[in-house]
Amino acid sequence: MVTLPTGRKRRFAAASTAVVGAAAALGAFALADTADAASNRSASADRDRGPKPTVVLEHGAFADASSWDGVIKDLRHDGYPVIAAANPLRSPASDAASLRALIEHIKGPVILVGHSYGGSVISEAAAGETNIKALVYVAAFLPAVGESALQLTNLYPGSTLPGALDPVAVTNPDGSTGTDLYIQQDKFRHQFAADVPADQAALMAETQRPIAQAALEEKATVAAWKTIPSWDIVTTQDLNIPAAAQEFMAKRANAHITEVAASHSVAVSHPDLVTSVIERAARATR
């Protein structure tokens with residue numbers, strides 16, 4: 001063993017520390033360069049796949065386009081063009097015609113997303129539209145030809161919606177009498193948005209848009225999910241559309257299913273999850 005004088009020990013230790021530090025720094029730079037290169041390759045590959053599709057969001061009953069705010073924020077952050085359509089909530093056929101006009105105005109591929117009754121609308125609007133690459137259903141109806149939203153709701157037990165409704169008699173444009181359906185404000189959060197903060201749920205209750213009762217009774221004439229790849233978010237704590245009914249429809253459509261313990265307002269309470277499923281559908285069909 002060689003014994004160094006005290007001064008040389010200190011110098012030797014300092015030099016060793018410097019060498020080790022330099023090596024660690026070089027290793028860190030190498031790792032950083034590798035990570036940057038991988039990131040650049042991923043970004044380059046993403047660019048090579050062409051522009052991202054436009055995501056069109058169709059809200060459902062007792063809601064409006066603002067129900068997609070959190071999802072829109074996340075999609076925009078990730079570089080997706082987004083349009084949250086205004087759903088008239090009058091009938092699947094007429095609402096689909098309105099949505100179809102918007103879809104045909106968009107240049108390039110589209111990912112079409114529907115929440116709740118909006119699922120009935122996108123199932124009809126997407127038929128024959130070649131620019132729609134995927135359908136994403138969010139706690140939604142996927143009716144087959146001849147089925148209505150009301151029929152599918154009653155397919156399995158579990159919906160408490162009938163007891164929470166507040167019907168309002170209206171005069172239709174043709175002079176006939178109809179019924180608009182609201183959810184009673186004091187029951188709204190429990191029924192529709194149990195996992196949404198109380199203040200936000202109260203605002204949703206106050207700004208809810210009614211759906212024509214006839215829209216829930218109208219039977220589907222086409223089912224676009226038979227020919228277009230579909231994804232489906234099933235909400236297991238849903239009091240509007242029973243989870244069993246959602247699962248039945250999703251499996252029948254051979255949809256890619258994601259289950260979440262959420263209320264009917266999953267796009268409000270879990271926007272990150274909804275965004276991730278939409279982006280998964282977009283990547284899979286580009």
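Side chains are part of it too, since the values below use all heavy atoms of this structure and drop only hydrogens, waters and symmetry mates.
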*asked:* Taking the side chain as everything from C-beta on, heavy atoms only, tell me whether V82 gets closer than 4.5 Å to L57.
replied: yes
_Residue pair H264 / D238, side-chain donor-acceptor N/O under 3.5 Å_ = yes
*Show your reasoning for whether salt bridge (charged side-chain N to carboxylate O under 4.0 Å, His left out) applies to R189 and D199.*
CA-CA 10 Å; R189 187 185 185 208; D199 287 349; over 6 Å; no
*Any side-chain heavy atom of L102 within less than 4.5 Å of one from I83?*
yes
*So, for A84 and I72, which heavy atoms are closest and what is the spacing to 0.1 Å?*
CB-CD1, 3.9 Å
_Counting C-beta onward and ignoring hydrogens, is there a side-chain heavy-atom pair between Q200 and P197 closer than 4.5 Å?_
yes
_Are the side chains of I111 and P53 in contact, using a 4.5 Å heavy-atom criterion?_
yes
*asked:* Main chain of A144, side chain of K219: is a donor-acceptor contact present, judged purely on distance under 3.5 Å?
replied: no
*asked:* Tell me whether the rings of F192 and F62 are parallel (<30°), tilted (30 to 60°) or perpendicular (>60°).
replied: perpendicular
*For residues L152 and I241, determine if any side-chain heavy atom of one lies less than 4.5 Å from a side-chain heavy atom of the other.*
no
_In the structure I gave you, are the side-chain heavy atoms of V260 and T235 within less than 4.5 Å of one another anywhere?_
yes
*Do the side chains of I257 and V277 join up, straight or via other hydrophobic residues, at under 4.5 Å, putting them in one cluster?*
no
*Are S120 and S123 close enough that a side-chain donor and a side-chain acceptor fall under 3.5 Å?*
no
*Will you find, in the side chains of Q246 and D232, an N or O donor that is under 3.5 Å from an N or O acceptor?*
no
_Can you confirm whether R76 sits close enough to K73 that some side-chain heavy atom of one is under 4.5 Å from a side-chain heavy atom of the other?_
no
_In the structure I gave you, are the side-chain heavy atoms of W225 and Y137 within less than 4.5 Å of one another anywhere?_
yes
_Side-chain donor-acceptor contact under 3.5 Å, T275 with Y80_ = no
